[in-house]
A.B. asks: 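Provided herewith is a single structure, encoded as structure tokens, for subsequent inquiry.
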Amino acid sequence: MTEMARDGARTSRLRVILAASIGSALEWYDFFLYGTAAALVFGELFFPKSDPVVGTLLSFLTFGVGFVVRPFGGLLFGILGDRYGRKPVLVATLLMIGIGTTAIGFLPTYAQIGIWAPILLVAMRVIQGLGAGAEYGGAVIYLVENAPPKHRGFWGGFAPLGVSVGNLLAAGAFALVTMLPREQLMSWGWRLPFLASFLLIVVGIFVRVRITETPVYTDAVVARGKVESNPAMEALRRHPRNFFVVLGARMAENGLGYFFPVFRAELRHYYTRRAESRCAQRADAGLHGRAVCHPRLCRIV
């Protein structure tokens with residue numbers, strides 16, 4: 001193999017890995033970002049008429065809408081991926097997740113348009129959830145179908161790499177905006193991490209429109225003209241045990257993966273608010289001859 005051919009093959013492999021990983025990074029950036037926002041700000045912004053606890057629960061309910069529609073997105077885009085190819089589905093799911101996330105950054109709040117604010121928020125979650133339902137699975141399939149036969153597990157492992165990158169980006173983005181004063185955070189600061197997802201869309205689309213169809217799809221579908229009308233039901237019929245084992249394993253992993261980061265943020269926010277309330281009470285009472293107003297000090301004084 002010539003040096004030029006080796007360089008071309010190396011570039012092609014890097015493009016495949018990047019194309020798959022950036023979508024999973026955007027997916028987890030979106031979901032982790034939304035979960036954090038639901039715990040910290042969405043209750044007050046989109047459900048201000050409710051009790052603070054009820055408002056937080058309602059914002060978590062909108063978070064859950066995305067998970068409800070994800071299986072439908074997987075079924076829909078699984079069928080489309082078998083009929084029209086992996087590449088157009090990967091582009092479509094990336095656009096749905098990215099546009100839904102960016103649009104949340106432009107949403108007016110309840111104080112501006114009333115009940116339409118939470119309705120629009122739920123609508124954006126439905127769009128995100130439908131796209132996310134096929135994004136991660138589509139990324140793994142694209143990697144595995146492009147991998148050499150003896151290295152499919154290794155190549156498939158690059159999709160979870162995007163998950164870690166997305167979580168890290170979301171945590172860093174919200175950590176930065178929470179350094180703003182409370183008034184600025186609730187006014188415009190919370191929007192910045194959602195708007196920043198547009199940058200991931202641009203990079204992701206630029207990479208994905210330049211990739212080619214997978215060799216496995218080309219051989220199995222294009223060459224032989226064989227397309228499964230309902231791949232999910234076909235997999236369930238042929239391999240029921242494996243189907244439910246994989247389903248259960250993903251539910252356990254994914255459930256815990258979202259549970260701890262999201263509810264940890266809410267618990268921290270709850271105890272910080274309680275500490276600030278205790279600070280105010282002690283300041284009013286004039287304990288120790290002066291006001292002790294730092295939340296961390298309130299927990300130990």
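Only a predicted model underlies this, so the values are computations on that prediction, with no experimental measurement involved.
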A.B. asks: Is L18 reachable from L169 through a run of hydrophobic residues whose side-chain heavy atoms are each under 4.5 Å from the next?
C.D. replies: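 No: no chain of side-chain contacts under 4.5 Å links L169 to L18.
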
A.B. asks: Compare all side-chain heavy atoms of F77 with those of T93 and state whether any distance is below 4.5 angstrom.
C.D. replies: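 They are in contact (side-chain heavy atoms under 4.5 Å apart), so the answer is yes.
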
A.B. asks: Is it possible for you to say whether V16 and V216 belong to one hydrophobic cluster, with membership spreading through side-chain heavy-atom contacts below 4.5 Å?
C.D. replies: no

A.B. asks: With the threshold set at 4.0 Å, does a side-chain nitrogen-carboxylate oxygen contact exist between R182 and E44?
C.D. replies: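 A salt bridge links R182 with E44.
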
A.B. asks: Same hydrophobic cluster for V126 and I119, using side-chain heavy-atom links shorter than 4.5 Å among ILVMFWY?
C.D. replies: yes

A.B. asks: Before accepting this row, confirm whether a basic side-chain N of the pair E145/R86 lies closer than 4.0 Å to the acidic partner's carboxylate O.
C.D. replies: yes

A.B. asks: How far apart are the closest heavy atoms of A173 and P193, and which atoms are they?
C.D. replies: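 Minimum heavy-atom separation between A173 and P193: CB-CB, 3.9 Å.
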
A.B. asks: Rounded at 0.5 Å granularity, tell me how far CD1 in I79 sits from OH in Y84.
C.D. replies: 10.5 Å

A.B. asks: Would you check if the side chain of Y142 reaches a backbone N or O of A20 as a donor-acceptor pair within less than 3.5 Å?
C.D. replies: no

A.B. asks: Looking at I211, is its backbone amide N or carbonyl O close enough to the side chain of R15 to form a donor-acceptor pair, meaning the two atoms are under 3.5 Å apart?
C.D. replies: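 No; zero donor-acceptor contacts below 3.5 Å.
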
A.B. asks: Could you check whether any side-chain heavy atom of V144 comes within less than 4.5 Å of a side-chain heavy atom of V140, counting everything from C-beta outward?
C.D. replies: yes

A.B. asks: Treat each ILVMFWY residue as a node, draw an edge where side-chain heavy atoms are under 4.5 Å apart, and state whether V202 and L200 are in one component.
C.D. replies: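 They do share one cluster, since a chain of ILVMFWY contacts under 4.5 Å joins V202 to L200.
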
A.B. asks: With ring centroids as reference points, do Y136 and W28 lie under 6.0 angstrom apart?
C.D. replies: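 Between Y136 and W28, the centre distance is under 6.0 Å.
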
A.B. asks: Once salt bridge (charged side-chain N to carboxylate O under 4.0 Å, His left out) is applied, do any residues pair with R125, and if so which ones, sequence neighbours excluded?
C.D. replies: D30

A.B. asks: Which pair of heavy atoms, one from P48 and one from L45, lies closest together, and at what distance?
C.D. replies: CD-O, 4.1 Å

A.B. asks: Do the non-hydrogen side-chain atoms of I205 and L95 ever get within less than 4.5 Å of each other?
C.D. replies: yes

A.B. asks: Tabulate below the donor-acceptor pairs under 3.5 Å that side-chain atoms of residues 103-114 make, not counting sequence neighbours, or state none.
C.D. replies:
| unit_1 | atom_1 | unit_2 | atom_2 | d |
| --- | --- | --- | --- | --- |
| Q112 | OE1 | T109 | N | 2.8 |

A.B. asks: May I ask you to check whether F158 and F154 place their ring centres under 6.0 Å from each other?
C.D. replies: yes

A.B. asks: Just wondering, do F174 and L40 contact through their side chains at under 4.5 Å, heavy atoms?
C.D. replies: yes

A.B. asks: Which pair of heavy atoms, one from Y29 and one from A170, lies closest together, and at what distance?
C.D. replies: CD1-N, 3.4 Å

A.B. asks: Using every non-hydrogen atom in the two residues, find where P215 and N146 come nearest and quote the distance to one decimal.
C.D. replies: CD-OD1, 3.4 Å

A.B. asks: What pairs with R237 under salt bridge (charged side-chain N to carboxylate O under 4.0 Å, His left out), at least two apart in sequence or on another chain?
C.D. replies: E234

A.B. asks: Under the rule for ring-ring contact (aromatic ring centres under 6.0 Å, His included), what residues qualify as partners of F72, not counting sequence neighbours?
C.D. replies: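 With sequence neighbours excluded, F72 shows a ring-ring contact (aromatic ring centres under 6.0 Å, His included) to no residue whatsoever.
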
A.B. asks: Side-chain heavy atoms under 4.5 angstrom apart, residues restricted to Ile, Leu, Val, Met, Phe, Trp, Tyr: same cluster for F194 and W188?
C.D. replies: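 Same hydrophobic cluster.
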
A.B. asks: Report yes if some heavy atom in the side chain of K87 is under 4.5 Å from a heavy atom in the side chain of T212; otherwise report no.
C.D. replies: no

A.B. asks: From I97 CD1 over to E135 CD, what is the distance, rounded to the nearest 0.5 angstrom?
C.D. replies: 4.5 Å

A.B. asks: Taking C-beta and beyond as the side chain, do R83 and P88 meet within less than 4.5 Å on heavy atoms?
C.D. replies: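 A side-chain contact under 4.5 Å is absent here.
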
A.B. asks: Is the shortest heavy-atom distance from the side chain of T102 to the side chain of M124 under 4.5 Å?
C.D. replies: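 No - every pair of side-chain heavy atoms lies 4.5 Å or more apart.
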
A.B. asks: Using a side-chain heavy atom cutoff under 4.5 Å and only I, L, V, M, F, W and Y, what cluster partners does L176 have?
C.D. replies: M179

A.B. asks: Could you check if a side-chain atom of Q184 sits within less than 4.5 angstrom of a side-chain atom of S187, using non-hydrogen atoms only?
C.D. replies: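 Q184 vs S187: side chains apart.
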
A.B. asks: Could you state the interatomic distance from CZ (F206) to CD1 (I201), rounded to the nearest 0.5 Å?
C.D. replies: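 With rounding to 0.5 Å, CZ (F206) is 16.0 Å from CD1 (I201).
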
A.B. asks: Just one of V65, V69, T101 clears the side chain to side chain contact (heavy atoms under 4.5 Å, CB included) bar with Q128, so which one?
C.D. replies: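 Exactly one pass, corresponding to T101.
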
A.B. asks: Got a second to check how far I99's CD1 is from S197's OG, nearest 0.5 Å?
C.D. replies: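 Answer for the CD1-OG pair, I99 versus S197, is 10.0 Å.
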
A.B. asks: Could you pull out all residues at least two apart from Y34 that satisfy ring-ring contact (aromatic ring centres under 6.0 Å, His included)?
C.D. replies: F42, F63

